[in-house]
Amino acid sequence: MKYYIATDHAGIDFKSFIASLLESKGYEVVDLGPFTTDRVDYPDYAKKLCHDVLADEGSKGILICGTGIGMSLAANKVKGIRAALCHDAYTASMARAHNDANVLVMGARVLGLGTAESVLDAWLAGTFEGGRHADRIAKLES
Ligand code: RB5
(Lines give C-alpha, C1' and ligand atoms only; values in the text may rest on other atoms or scores of the structure.)
Protein backbone atom coordinates (compact mmCIF):
# COMPACT_ATOMS: atom_id res chain seq x y z
CA MET A 1 0.00 0.00 0.00
CA LYS A 2 1.08 3.54 -0.71
CA TYR A 3 1.13 6.21 2.02
CA TYR A 4 1.26 9.92 1.36
CA ILE A 5 2.73 11.86 4.27
CA ALA A 6 2.98 15.58 5.01
CA THR A 7 3.44 17.92 7.92
CA ASP A 8 3.91 21.59 8.69
CA HIS A 9 7.08 23.04 10.23
CA ALA A 10 6.17 21.63 13.65
CA GLY A 11 6.60 18.01 12.58
CA ILE A 12 9.64 17.73 10.33
CA ASP A 13 11.58 15.21 12.46
CA PHE A 14 8.39 13.43 13.48
CA LYS A 15 7.48 13.00 9.80
CA SER A 16 10.88 11.46 9.04
CA PHE A 17 10.46 9.05 11.95
CA ILE A 18 7.03 7.90 10.77
CA ALA A 19 8.11 7.67 7.13
CA SER A 20 11.09 5.50 8.12
CA LEU A 21 8.84 3.20 10.13
CA LEU A 22 6.48 2.82 7.18
CA GLU A 23 9.34 2.05 4.79
CA SER A 24 10.83 -0.47 7.22
CA LYS A 25 7.46 -2.26 7.20
CA GLY A 26 7.44 -2.42 3.40
CA TYR A 27 5.05 0.43 2.60
CA GLU A 28 5.64 2.79 -0.30
CA VAL A 29 5.92 6.34 1.05
CA VAL A 30 5.42 9.58 -0.87
CA ASP A 31 6.73 12.46 1.23
CA LEU A 32 4.97 15.68 0.23
CA GLY A 33 7.14 17.77 2.52
CA PRO A 34 8.03 20.26 3.72
CA PHE A 35 11.73 19.47 4.12
CA THR A 36 12.92 22.45 6.15
CA THR A 37 11.70 24.05 9.36
CA ASP A 38 10.69 27.28 7.61
CA ARG A 39 7.15 28.23 8.63
CA VAL A 40 4.41 26.93 6.35
CA ASP A 41 0.61 26.86 6.54
CA TYR A 42 -0.90 23.50 7.42
CA PRO A 43 -4.01 23.87 5.18
CA ASP A 44 -1.78 23.96 2.08
CA TYR A 45 -0.19 20.61 2.92
CA ALA A 46 -3.44 19.04 4.12
CA LYS A 47 -5.25 19.91 0.90
CA LYS A 48 -2.42 18.66 -1.32
CA LEU A 49 -2.20 15.36 0.54
CA CYS A 50 -5.96 14.79 0.59
CA HIS A 51 -6.32 15.39 -3.13
CA ASP A 52 -3.41 13.03 -3.85
CA VAL A 53 -4.96 10.31 -1.66
CA LEU A 54 -8.34 10.65 -3.37
CA ALA A 55 -6.73 10.54 -6.82
CA ASP A 56 -4.74 7.40 -6.00
CA GLU A 57 -7.23 4.65 -5.23
CA GLY A 58 -6.24 2.42 -2.34
CA SER A 59 -3.69 4.84 -0.92
CA LYS A 60 -3.92 6.46 2.50
CA GLY A 61 -2.42 9.52 4.15
CA ILE A 62 -0.67 10.63 7.30
CA LEU A 63 -0.76 14.28 8.35
CA ILE A 64 1.22 15.84 11.17
CA CYS A 65 1.23 19.27 12.77
CA GLY A 66 1.97 20.55 16.27
CA THR A 67 -1.29 19.42 17.86
CA GLY A 68 -2.82 17.58 14.93
CA ILE A 69 -5.87 19.82 15.22
CA GLY A 70 -5.17 22.16 12.31
CA MET A 71 -4.42 19.29 9.94
CA SER A 72 -7.61 17.50 11.06
CA LEU A 73 -9.75 20.55 10.50
CA ALA A 74 -8.27 21.15 7.07
CA ALA A 75 -8.38 17.53 5.90
CA ASN A 76 -11.97 16.95 6.93
CA LYS A 77 -13.08 19.85 4.71
CA VAL A 78 -12.17 17.71 1.70
CA LYS A 79 -15.13 15.60 0.55
CA GLY A 80 -14.27 11.92 0.70
CA ILE A 81 -11.60 12.34 3.35
CA ARG A 82 -12.12 10.88 6.82
CA ALA A 83 -9.20 12.15 8.86
CA ALA A 84 -8.79 10.87 12.41
CA LEU A 85 -6.69 12.66 15.01
CA CYS A 86 -5.31 9.87 17.18
CA HIS A 87 -3.42 10.17 20.45
CA ASP A 88 -3.31 6.49 21.41
CA ALA A 89 -3.46 2.99 19.96
CA TYR A 90 -7.13 2.47 20.82
CA THR A 91 -8.35 5.50 18.89
CA ALA A 92 -6.10 4.60 15.97
CA SER A 93 -7.49 1.07 15.86
CA MET A 94 -11.10 2.28 16.09
CA ALA A 95 -10.50 4.95 13.45
CA ARG A 96 -9.88 2.13 11.00
CA ALA A 97 -12.40 -0.40 12.36
CA HIS A 98 -15.41 1.89 12.78
CA ASN A 99 -14.67 5.05 10.79
CA ASP A 100 -12.73 3.61 7.85
CA ALA A 101 -10.51 6.66 8.20
CA ASN A 102 -8.29 7.20 5.20
CA VAL A 103 -6.01 9.78 6.82
CA LEU A 104 -4.26 9.39 10.18
CA VAL A 105 -3.41 12.66 11.93
CA MET A 106 -0.92 12.99 14.77
CA GLY A 107 0.34 15.87 16.88
CA ALA A 108 4.12 16.08 16.91
CA ARG A 109 4.09 18.27 20.03
CA VAL A 110 1.70 15.91 21.79
CA LEU A 111 3.00 12.41 21.17
CA GLY A 112 6.34 10.94 22.21
CA LEU A 113 7.92 8.81 19.51
CA GLY A 114 7.17 5.57 21.36
CA THR A 115 3.49 6.43 21.54
CA ALA A 116 3.51 7.55 17.91
CA GLU A 117 4.89 4.16 16.90
CA SER A 118 2.13 2.37 18.83
CA VAL A 119 -0.48 4.63 17.19
CA LEU A 120 0.94 3.82 13.76
CA ASP A 121 1.07 0.07 14.47
CA ALA A 122 -2.55 0.03 15.67
CA TRP A 123 -3.65 2.00 12.62
CA LEU A 124 -1.82 -0.33 10.22
CA ALA A 125 -3.27 -3.42 11.91
CA GLY A 126 -6.83 -2.06 11.91
CA THR A 127 -9.41 -3.21 9.39
CA PHE A 128 -12.80 -1.72 8.62
CA GLU A 129 -15.69 -3.75 10.05
CA GLY A 130 -18.26 -2.50 7.52
CA GLY A 131 -21.93 -3.26 8.26
CA ARG A 132 -23.62 -0.58 10.37
CA HIS A 133 -20.40 1.45 10.25
CA ALA A 134 -20.57 1.61 6.46
CA ASP A 135 -24.13 2.98 6.72
CA ARG A 136 -22.94 5.69 9.10
CA ILE A 137 -20.03 6.63 6.87
CA ALA A 138 -22.41 6.94 3.92
CA LYS A 139 -24.36 9.49 5.97
CA LEU A 140 -21.22 11.62 6.29
CA GLU A 141 -21.27 12.16 2.55
CA SER A 142 -24.98 12.88 2.22
C1 RB5 B 1 2.22 25.70 14.35
O2 RB5 B 1 2.81 26.52 15.29
C3 RB5 B 1 0.96 25.05 14.93
O4 RB5 B 1 -0.03 26.02 15.11
C5 RB5 B 1 0.46 23.95 14.02
O6 RB5 B 1 1.47 23.01 13.86
C7 RB5 B 1 -0.73 23.16 14.51
O8 RB5 B 1 -0.55 22.73 15.82
C9 RB5 B 1 -2.04 23.78 14.29
O10 RB5 B 1 -3.10 23.20 14.59
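Quick note: numbers below take in every heavy atom, side chains included, and nothing from hydrogens, waters or symmetry partners. All ligand and atom numbering here is 1-based and tracks the order in the structure.
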Engineer: Within 4.0 Å of atom 4 (O) of ligand 1 (strictly less), any protein heavy atom?
Structural biologist: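 No, no protein heavy atom sits under 4.0 Å from atom 4 (O) of ligand 1.
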
Engineer: To which protein heavy atom is atom 10 (O) of ligand 1 closest, and what is the distance rounded to 0.1 Å?
Structural biologist: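 Ranked first by proximity to atom 10 (O) of ligand 1 is Gly70 N, 2.9 Å.
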
Engineer: Could you tell me whether Lys48 and Asp52 make a salt bridge, using a distance below 4.0 angstrom between a side-chain N and a carboxylate O?
Structural biologist: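 A salt bridge links Lys48 with Asp52.
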
Engineer: I need the Tyr45 OH to His9 NE2 distance, nearest 0.5 Å.
Structural biologist: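 Tyr45 atom OH to His9 atom NE2 measures 11.0 Å (nearest 0.5 Å).
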
Engineer: Quick check on side chain to side chain contact (heavy atoms under 4.5 Å, CB included): which of Asn99, Val103, Ile137 does Arg82 satisfy it with?
Structural biologist: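 The side chain to side chain contact (heavy atoms under 4.5 Å, CB included) with Arg82 is passed solely by Ile137 among Asn99, Val103, Ile137.
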
Engineer: Numbering the atoms of ligand 1 from 1, which are under 4.0 Å from a heavy atom of Cys65?
Structural biologist: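 In order of numbering, the contacting atoms are 6 (O), 7 (C), 8 (O), 9 (C), 10 (O).
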
Engineer: Give a yes/no verdict on whether any heavy atom in His9 is under 4.0 Å from an atom of ligand 1.
Structural biologist: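 Judged by the 4.0 Å heavy-atom criterion, His9 does count as contacting ligand 1.
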
Engineer: What's the shortest distance from atom 2 (O) of ligand 1 to any protein heavy atom, and which residue and atom give it?
Structural biologist: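 Nearest protein contact, heavy atoms only, for atom 2 (O) of ligand 1 is Arg109 NH1, 3.3 Å.
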
Engineer: Has the side chain of Thr115 got a donor or acceptor atom that lies under 3.5 Å from a matching backbone atom of Leu111?
Structural biologist: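 No, because the side chain of Thr115 does not come within donor-acceptor range (under 3.5 Å) of the backbone of Leu111.
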
Engineer: Looking at Asp100 and Arg96, is there a salt bridge between them, counting it only when a charged N and a carboxylate O are closer than 4.0 Å?
Structural biologist: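 A salt bridge is present here (some side-chain N lies under 4.0 Å from a carboxylate O).
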
Engineer: Atoms of ligand 1 less than 4.0 Å from Ala10 heavy atoms?
Structural biologist: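 Numbered from 1, ligand 1 contributes 6 (O).
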
Engineer: Measuring from non-hydrogen atoms of Arg39 to any atom of ligand 1, is the shortest distance under 4.0 Å?
Structural biologist: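 Under 4.0 Å: no for Arg39.
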
Engineer: Can you tell me the protein heavy atom closest to atom 9 (C) of ligand 1 and the distance?
Structural biologist: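 Protein heavy atom at minimum distance: Tyr42 CE2, 3.6 Å.
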
Engineer: Would you mind listing which atoms of ligand 1 come within a distance below 4.0 Å of any non-hydrogen atom of Gly66?
Structural biologist: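 Ligand 1 atoms under the 4.0 Å threshold to Gly66: 5 (C), 6 (O), 7 (C), 8 (O).
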
Engineer: Which bit of Thr67 is near ligand 1, meaning a heavy atom under 4.0 Å away: side chain, backbone, both or neither?
Structural biologist: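 Near ligand 1, Thr67 shows its backbone as well as its side chain.
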
Engineer: Would you mind checking if Arg39 and Asp8 are paired as a salt bridge, meaning a charged N to carboxylate O distance below 4.0 Å?
Structural biologist: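 No.
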
Engineer: Could you tell me if the side chain of Ser93 sits less than 4.5 Å from the side chain of Trp123, heavy atoms only?
Structural biologist: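 Of all side-chain heavy-atom pairs linking Ser93 with Trp123, none is under 4.5 Å.
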
